[in-house]
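Reviewing the structure listed below.
Here is the naming used below: chain letters follow the sequence lines, and residue numbers restart at 1 for every chain.
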Amino acid sequence: MKKFINAVDDVLTESLNGFAAAHSDIVTLGGGHKFIRRKTLKSGKVALISGGGSGHEPLHGGLVGHGMLDAACPGQVFTSPTPDQMMEAVAEVNTGAGCLFIVKNYEGDVMNFDMAAEMSEGIMQVITNDDVAVEDSLYTTGRRGVAGTLVVEKILGAAAEEGLALKELKELGDKVNRVTRSMGVALTSCTVPAAGKPNFEIAEDEMEFGVGIHGEPGRRRGKLLPADAIAEEICAAIVDDLGAAAKGNALLFVNGFGATPSMELYLMYNSARKMFEKHGVTIARSMVGSYVTSLDMAGASITLTILDDHAAKLWDAPVHTAALRWGM
Amino acid sequence: MKKFINAVDDVLTESLNGFAAAHSDIVTLGGGHKFIRRKTLKSGKVALISGGGSGHEPLHGGLVGHGMLDAACPGQVFTSPTPDQMMEAVAEVNTGAGCLFIVKNYEGDVMNFDMAAEMSEGIMQVITNDDVAVEDSLYTTGRRGVAGTLVVEKILGAAAEEGLALKELKELGDKVNRVTRSMGVALTSCTVPAAGKPNFEIAEDEMEFGVGIHGEPGRRRGKLLPADAIAEEICAAIVDDLGAAAKGNALLFVNGFGATPSMELYLMYNSARKMFEKHGVTIARSMVGSYVTSLDMAGASITLTILDDHAAKLWDAPVHTAALRWGM
Amino acid sequence: MTMDAAAVTNIDLTTLITAVADTMAAHADELTALDQAIGDGDHGLNMKRGFEAVRAETATLAEKPLPEALKAIGTKLVMTVGGASGPLFGTLFMALGKELPAEPGRADFSAALAKAIDAVAARGKSQAGQKTMLDVLYPVQTAVAAGKTTPEVADIADQAAEATKPLKAIRGRASVLGDRSIGHMDPGARSSALITRAIAGTLEPRV
Amino acid sequence: MTMDAAAVTNIDLTTLITAVADTMAAHADELTALDQAIGDGDHGLNMKRGFEAVRAETATLAEKPLPEALKAIGTKLVMTVGGASGPLFGTLFMALGKELPAEPGRADFSAALAKAIDAVAARGKSQAGQKTMLDVLYPVQTAVAAGKTTPEVADIADQAAEATKPLKAIRGRASVLGDRSIGHMDPGARSSALITRAIAGTLEPRV
Ligand SMILES: Nc1ncnc2c1ncn2[C@@H]1O[C@H](COP(=O)(O)OP(=O)(O)O)[C@@H](O)[C@H]1O
Ligand SMILES: Nc1ncnc2c1ncn2[C@@H]1O[C@H](COP(=O)(O)OP(=O)(O)O)[C@@H](O)[C@H]1O
Ligand SMILES: [Mg+2]
Ligand SMILES: [Mg+2]
Ligand SMILES: [Mg+2]
Ligand SMILES: [Mg+2]
């Protein structure tokens, strides 16, 4: 394992200290590094709190700030945060209008956020589950929440800033989640610092199709395909799954998992854009970059969110976080 | 080699097409993909043109836009662009106030930009050479231009936007370059798509100290060290080299080479910040991220620019490019 | 050497906590490797972190009445483990503490365990046969209820963990693998068996 | 078979371009591997790209007078190769075209080559002994001036490329390696030797 670290046990703490120091104009850390919160809270605004295992940076800590999250609770690497983290975040950032938890659909995350919600007051939750690689079924855990979570957080962040109430925010979040779909492919595995070796083995000519954002194995293992073929399969799966909703304006978000150069991400975006337009979807907004990562995994995911005018307006609204910034 | 590509020969073209489509509000491509230029030029402003081999994205194409570059000329991967690219960029973006080339000090880049300058009118050049890993000597090629180039481009971009004339811009660029120092370390090699295999071999317990941004071997090969020890060596080299200038306010820029997760970059930032402050430098501005990359290389560089009030003001000035955006 | 009332009431919490924390530390790499195969590779770290946190409070815990101590252990696990296993093992101990009378007999213990496992299933929206820790916990409870000796209970736990191999995961992270989860032991089942054997080992000498 | 005036004036440009482009294509991987060792791994690709671009214009080039054709080849190389080698090989051919009279004799060729190599050195701010293409180009010129046969010139070029191995790089990307550049052949020296041999091969039959 080759990483810039001092001791495995201090990775998270030292990294969070660095993050807070580098962005001290925007964020500050809660005690015991339990959460990252906005430096300045906006009283009367519903507080948006997200979180999850670390290793997906800039998600979620890099998305704390004006127009997006109020707090993010970082768990250990690839491990859901614990309820006390969310409870203390709530205690600090709830300015009276309640809190909305934005939670990626993993059992660990859901259970820990649930426990925190049960032990706090005035909480509602949006569960994101945009990953079409996993079959959606009531019987199983259902779909994972992946890169589309960022889109939900951005749109809800703007709406919260405009003063939308808790219940309406939850409804808006569910609505955006319903028109958001993602799927990813990994070319290499990733290494959790404390584990010291890659999460999975993958041959030099293989890719993992439908991979999650924890290096957990995906839908199938297959031979490495050309970018166009990968984009074709992913875009078809997304459009299929969206069904009748797959039309009109959309946001296309090509996300890198960490080790994939921007040159390849833009190439993938180029392929995906053509595919979606062939399917009759208009790419009205775009984002390309490594925002929802899996440590040092090479690979990418494609996310499509159908945008009505309201959602587009909220997407465009000013945001000022460590990772996303525009309009201010 | 595992990459998202269709055919090796089309990587650059398809990636540039994707980039231009994703950022069509900011940029447009010159004919034959010879350059990336601002969509809207500002008449009467000195045009800033940079460029270099591809594979360092977002440098330079991602830095084209308001407050930064007017055009960027992308060469083949790790290969300087050819003079015709710069000449055509000049022809298109020079609105009458002349052009400043910002060139990283590599013989290839310098010679190609020189030839273009000789064959065009009204050109001045700033050569960046911030890499302290290489001995500065008139006899040899001298220092390489690395991540500090971005700092020079940002500060000059803001000054050009304010209407500074060509000669003053050149002087300012030289001045910023003189107080900018960088050094990097690679943990893995990188693979040029057309070469198909890693540029160098490196053992599981080794690092390449003082590496350049092309995966070219560096100052020495050594055992992998803890982040603090790496930061200590780099920061000492930088402070040493700056000599008496190493005091007051500074910008600390921790740059990832491509495959290094943001968690490790912030950890490295945390180490570096402490080291510099021990040396009496105040970290007044910070930037952490993969901005000057070497394809899929794992590693990072540390850049320090001493900032007087004027430079700090220019650093803070609004910028709107694909990769850097603030204040607008 | 059946697990009689004495075994339950005379529990030496210090020994018990030490035994469980030791086994989690000793098997952390193994659990992580199991989780790398069909999960995200953190289970060993999670469990070790949780029980080290519990170990750090042994002195305080040992002074509490058993039900209170179990609740405190559960809460500590919830607040330090994270992931899926944190709320689940946390719920197990918290519910056990809630259900047990201050001076429980064997029947009390068996009944409380049944309720605690149901609480885990409720928290996890899961049931037996889904390739999770439940596939060890239920057989352990049945064995306790049936009056098996502590070594027998430990063996049954091991067999139950082993028996998760052919199962297809329906719950937990491994569920996204579908058929590809078949053939691997469930990490949470393995840690449950390890905890069972550690606890059984501390109870045995007192029976 | 000395390289006499006829060899210079009766050059069949089509054959010559084909020979050089073929050799660059055939040795692209080898050149890239050399450049990976002490540079950035693009030299083979650069040279191949440049000479393929030249090859694509063979018909037009073959119609020009020799000096004009050489200038056009040089310009094409400058505009397609990039990197350090683009301006340098480009300058070599452009300067050669500029210095050669329309119907050059051997002495003209030798003199023009000397000037062209000086132009390369000026462009590169470099000189012999710095582990660059110059360490092949200068010996080639000396050999031509000394009236060596074309096979001899080609052999001298190969030896000169080989002789860059023990040198420490002072110019070019490899210079940052310092002593670590020692022991490797300079990629630009190797490509210069390959070009020399290819050209020599096309001249030979006509001498
Ligand atoms: N819904 C559930 N019900 C019961 N047990 C579960 C459930 N989800 C996960 N588990 C158990 O938790 C174990 C994984 O724990 P761990 O790796 O620590 O958490 P995570 O899956 O969040 O990374 C699984 O092996 C399984 O035994
Ligand atoms: N200043 C110079 N003078 C002469 N030759 C040089 C100089 N710099 C580089 N070279 C030659 O160019 C070769 C490298 O070419 P290439 O790899 O195509 O360009 P780059 O170094 O820009 O990647 C070197 O092997 C060397 O022979
Ligand atoms: Mg986990
Ligand atoms: Mg090059
Ligand atoms: Mg796990
Ligand atoms: Mg090269």
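- Note on B:Lys274, B:Glu204, B:Glu57: by heavy-atom pairs under 4.5 Å with chain A, the leading option is B:Glu204.
- Of the two parts of A:Ala203, only the backbone, made up of N, CA, C and O, holds a non-hydrogen atom closer than 4.5 Å to a non-hydrogen atom of chain B.
- Heavy-atom distances place no part of B:Ile283 under 4.5 Å from chain A, backbone and side chain included.
- Ion pairing of A:Glu264 with B:Lys2 is absent here, as no side-chain N (NZ or NE/NH1/NH2) approaches a carboxylate O to less than 4.0 Å.
- Residue A:Arg273 touches chain B through its side chain alone, counting heavy-atom pairs closer than 4.5 Å.
- Interface remark: A:Ala272 contributes no atoms to any contact with chain B (heavy atom separation under 4.5 Å).
- When each of A:Ala229, A:Pro193, A:Gly299, A:Ala322 is checked for heavy-atom pairs under 4.5 Å with chain B, A:Gly299 comes out on top.
- Ranking A:Arg285, A:Glu14, A:His320 against chain B, the residue ahead of the rest is A:Glu14, based on heavy-atom pairs under 4.5 Å.
- Both the backbone and the side chain of B:Ile202 come within less than 4.5 Å of a heavy atom of chain A.
- Checked by atom type, the side-chain pair A:Ser50/A:Glu153 shows a donor-acceptor distance below 3.5 Å.
- Salt bridge status for A:Glu201 with A:Arg221: absent, with no side-chain N to carboxylate O gap under 4.0 Å.
- Side-chain contact, B:Asp228 with B:Ser271: a donor N or O sits under 3.5 Å from an acceptor N or O.
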Review item, side-chain donor-acceptor pairs of residues 17-26 of chain A, under 3.5 Å, at least two apart:
| unit_1 | atom_1 | unit_2 | atom_2 | d |
| --- | --- | --- | --- | --- |
| A:Asn17 | OD1 | A:His33 | NE2 | 2.8 |
| A:Asn17 | ND2 | A:Thr13 | O | 3.4 |
| A:His23 | NE2 | B:Tyr266 | OH | 2.6 |

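- Within the 3.5 Å criterion, the main-chain N or O of A:Val77 finds no donor-acceptor partner in the side chain of A:Ser54.
- Of the two parts of A:Met268, only the side chain, counted from C-beta on, holds a non-hydrogen atom closer than 4.5 Å to a non-hydrogen atom of chain B.
- Comparing B:Leu225, B:Val185, B:Leu187 by how many heavy-atom pairs each has under 4.5 Å with chain A, the most go to B:Leu187.
- Taking the six-membered ring for Trp and thresholds of 30 and 60 degrees, B:Trp315 and B:Trp326 have ring planes inclined between 30 and 60 degrees apart.
- Only the side chain of A:Leu224 comes within contact range of chain B, judged by heavy atoms closer than 4.5 Å.
- Each side-chain hydrogen bond (donor to acceptor under 3.5 Å, both in side chains) pair with one or both residues in residues 287-296 of chain A, not counting sequence neighbours, would appear here, but there are none.
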